[in-house]
Amino acid sequence: MTKNFSLYLALRYLRPKRTFVSVITLISILGVTLGVSVLIVVIAVMAGFHAQMKELAVGYEAHIEARDAWGTSMFGENHRPPDAADKPWREVIKDLRSTPGVVSASPMVRGLLLIESEGSMAPAWMWGIQQEDGNRLAEKQKQMVEAGELDLSGDNIVLDGGVAHAFGLKVGDTVTVYAPSNLNGIVQTIREIDDKPEAEKQAAFKQLRELVLPLDLKVTGIINPPQFQDSDKMAIGVVPLHVAQELRGIDDGISSIGIELQEPYMAGPIKEQLLKNKVLPESWEAFTWMEAHARLFGAVQNEMMMMYIILFIIVLVAAFCVMNTMITVTVQKRREIGIIAALGTRIGQIMWVFLWQGMMVGAFGAICGLAAGLSVAYNLNSIRDFLNDKLKLQLFDPAIYGLVELPAKVLPKDVAIICGGAFVLCSVAALVPAFLAARTEPAVALRD
């Protein structure tokens with residue numbers, strides 16, 4: 001016998017021949033290859049999508065947004081208790097800018113707008129920001145402008161592309177905007193008008209027109225913000241800070257502070273530090289960009305985990321094929337196993353014959369699957385374009401999925417888990433036939 005008797009015999013049994021066993025072995029390898037390659041491609045796309053969503057959030061929104069929990073609401077009413085006195089927001093911004101890790105802190109006014117143009121109206125989220133003092137949030141918004149520029153120096157507005165295209169607006173046009181912050185006053189005035197005598201109604205209607213307070217703003221740019229699956233899909237209107245304050249009727253107040261960090265992924269610890277060190281007043285609250293989209297990121301992570309489980313079933317099926325192959329080999333080679341057992345071969349050596357087979361099938365299938373999976377993952381968009389051209393289809397339409405290209409991010413950790421998992425499953429699948437072969441009685445095997 002050779003020194004590596006078990007390995008030698010395993011390679012001999014796996015040597016390609018025109019037998020039923022060789023066909024089953026080939027099918028087992030193909031099954032492992034298919035499972036590993038599909039897993040690598042799907043998990044790479046999911047990881048790429050997850051990373052792209054994070055990049056969009058980091059490149060669009062404030063890393064941390066702090067706001068007065070008792071401050072002005074979305075519609076401008078002040079709900080602060082009389083005894084809740086905090087330092088002015090300008091002092092808060094000054095303290096934030098001197099905090100290690102913070103690149104910029106910018107005042108913001110959020111709210112709702114009603115945009116009117118030639119009799120058509122549409123709602124939009126209002127972002128009131130300023131461009132001074134190295135405002136990193138304004139720099140982010142500049143990157144989203146597809147026409148014109150982010151000019152927040154006067155009574156201007158940078159309009160969402162959806163509204164602009166729907167209304168036929170272009171840079172230089174003028175739109176009328178209304179703030180719903182005075183809805184309560186409008187409703188109350190209308191109720192009072194109904195109770196007034198006819199002679200006083202004209203004066204009341206004049207008062208109502210003054211209450212609406214429309215503003216004419218010039219469109220200086222058209223913005224194309226990213227759309228997130230967990231967003232409300234409402235359009236965005238970026239206006240100067242002073243215009244937003246006037247629309248919401250909060251004088252010199254703000255609704256929140258946008259904080260930009262040197263390391264966006266350190267937003268959680270830095271937020272806790274700001275609250276712990278009381279850089280933010282006690283009545284303030286803060287949330288990070290990860291918390292703002294926690295539902296979306298959690299959903300993508302859960303989908304990745306489900307894909308792992310579902311697609312690993314393919315590898316599990318391939319492992320059962322390996323087990324069937326090994327069982328078939330033990331049946332066909334029963335007399336040979338009996339002979340080598342009668343010659344004094346140890347049980348461990350017989351078991352390792354079949355364990356080596358399972359390990360080699362798993363290793364070869366994992367390597368082939370890795371090569372195929374990486375080839376597809378790195379050429380995913382070329383394959384999509386080829387199929388679209390040949391089949392006359394529109395696979396992964398950007399208008400539906402919001403992705404110009406299919407993102408694919410191959411992570412070494414994922415590749416190691418997938419290939420290692422396939423190898424382990426195939427090796428474990430060979431244990432049962434190896435155990436059965438090792439327990440073969442030489443006399444019984446030779447008699448049969």
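Keep in mind that what you see is a predicted model, and the values were worked out from it rather than measured.
At least one donor-acceptor pair under 3.5 Å links the side chain of Glu291 to the backbone N or O of Thr288. Side chain of Gln262 to main chain of Val102: no donor-acceptor pair is present (N/O by atom type, distance under 3.5 Å, no hydrogens or angles). Distance alone, capped at 3.5 Å, places no donor-acceptor pair between the His63 side chain and the Ala267 backbone. The backbone N or O of Ala66 sits nowhere less than 3.5 Å from a side-chain atom of Trp284 that would complete a donor-acceptor pair. In this structure, Asp173 contributes its side chain and Leu169 its backbone to no donor-acceptor pair below 3.5 Å. Here the side chain of Asn277 pairs no donor or acceptor atom with the backbone of Val279 at under 3.5 angstrom. Side chain of Arg67 to main chain of Ser255: no donor-acceptor pair is present (N/O by atom type, distance under 3.5 Å, no hydrogens or angles).
Between the CD1 atom in Ile417 and the CG atom in Leu411 there is a gap of 9.5 Å [rounded to 0.5 Å]. Considering OG of Ser106 and CG of Leu96, their distance stands at 10.0 Å, rounded to 0.5 Å. Remark: Asn302 CG to Met307 CE distance equals 12.0 Å, nearest 0.5 Å. Atom CE of Met46 is separated from atom CD of Glu303 by 4.5 Å, given to the nearest 0.5 angstrom. Put simply, CD1 on Ile418 and NZ on Lys413 are 11.0 Å apart, with the number rounded to the nearest 0.5 Å. To the nearest 0.5 angstrom, Ile157 atom CD1 is 11.0 Å from Ile222 atom CD1.
Asp414 places none of its side-chain heavy atoms less than 4.5 Å from the side chain of Ile40. Contact annotation: the side chain of Ile259 approaches that of Ile257 to within less than 4.5 Å [non-hydrogen atoms, C-beta and beyond]. Counting heavy atoms from C-beta on, the side chains of Ile236 and Trp127 come closer than 4.5 Å. Ile129 places none of its side-chain heavy atoms less than 4.5 Å from the side chain of Leu241. Side-chain contact check for Leu217 versus Asn156: every heavy-atom pair is 4.5 Å or farther apart. Taking the side chain as every heavy atom from C-beta outward, Leu30 and Leu34 never approach each other to under 4.5 Å.
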Discussion item. Walk me through whether Glu285 and Lys271 qualify under salt bridge (Lys or Arg N to Asp or Glu O under 4.0 Å).
Written reply: CA-CA 10 Å; Glu285 59 185 6; Lys271 184 196 81 169; over 6 Å; no
Which is it for Glu65 and Ser256 under the side chain to side chain donor-acceptor pair (under 3.5 Å) test, yes or no, and what are the steps along the way?
CA-CA 7 Å; Glu65 187 167 343; Ser256 59; 2.8 Å; yes
| Would Trp125 and Leu112 count as a side chain to side chain contact (heavy atoms under 4.5 Å, CB included) if you check the C-alpha gap in whole Å, the side-chain angles of each, and the deciding distance to 0.1 Å? | CA-CA 5 Å; Trp125 282 116; Leu112 286 175; 3.6 Å; yes
Exercise. Start with the C-alpha distance between Thr174 and Asp216, add both sets of side-chain angles, then the distance that settles side chain to side chain donor-acceptor pair (under 3.5 Å), and finish with yes or no.
Key: CA-CA 6 Å; Thr174 300; Asp216 291 331; over 6 Å; no
task: Start with the C-alpha distance between Leu261 and Val103, add both sets of side-chain angles, then the distance that settles side chain to side chain contact (heavy atoms under 4.5 Å, CB included), and finish with yes or no.
output: CA-CA 5 Å; Leu261 306 176; Val103 176; 5.7 Å; no
Item checked: Asp155/His242 under side chain to side chain contact (heavy atoms under 4.5 Å, CB included): CA gap, chis, key distance, verdict -> CA-CA 9 Å; Asp155 291 344; His242 70 273; 3.6 Å; yes
* Yes or no on side chain to side chain contact (heavy atoms under 4.5 Å, CB included) for Cys419 and Phe423, after CA distance, side-chain angles and deciding distance? -> CA-CA 6 Å; Cys419 294; Phe423 176 76; over 6 Å; no
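Scanning all heavy atoms of the two residues, the minimum distance from Gly237 to Ala124 falls at N-CB, 4.4 Å. Here the shortest heavy-atom pairing between Gly253 and Val109 reads O-CG2, 4.0 Å. In this structure, Ser375 and Ala371 approach most closely via the heavy-atom pair OG-O, 2.7 Å. In terms of heavy atoms, Tyr178 sits closest to Met121 at CD1-CE, 3.9 Å. When all heavy atoms are compared, the tightest approach of Gly369 to Val36 is C-CG1, 3.7 Å. Shortest non-hydrogen contact noted between Ala105 and Ile93 is O-CG2, 3.5 Å.
Within 6.0 Å of the OH atom in Tyr265, the count of heavy atoms belonging to other residues, nucleotides or ligands exceeds 12. At most 12 non-hydrogen atoms from other residues, nucleotides or ligands lie less than 6.0 angstrom from CD of Glu263. Annotation: Met359, atom CE; neighbour count of heavy atoms from other residues, nucleotides and ligands within 6.0 Å is above 12. The neighbour count for Met305 CE, taken as heavy atoms of other residues, nucleotides or ligands under 6.0 Å away, does not exceed 12.
The side chain to side chain contact (heavy atoms under 4.5 Å, CB included) test with Leu152 is passed by exactly one of Thr220, Val238, Val239: Val238.
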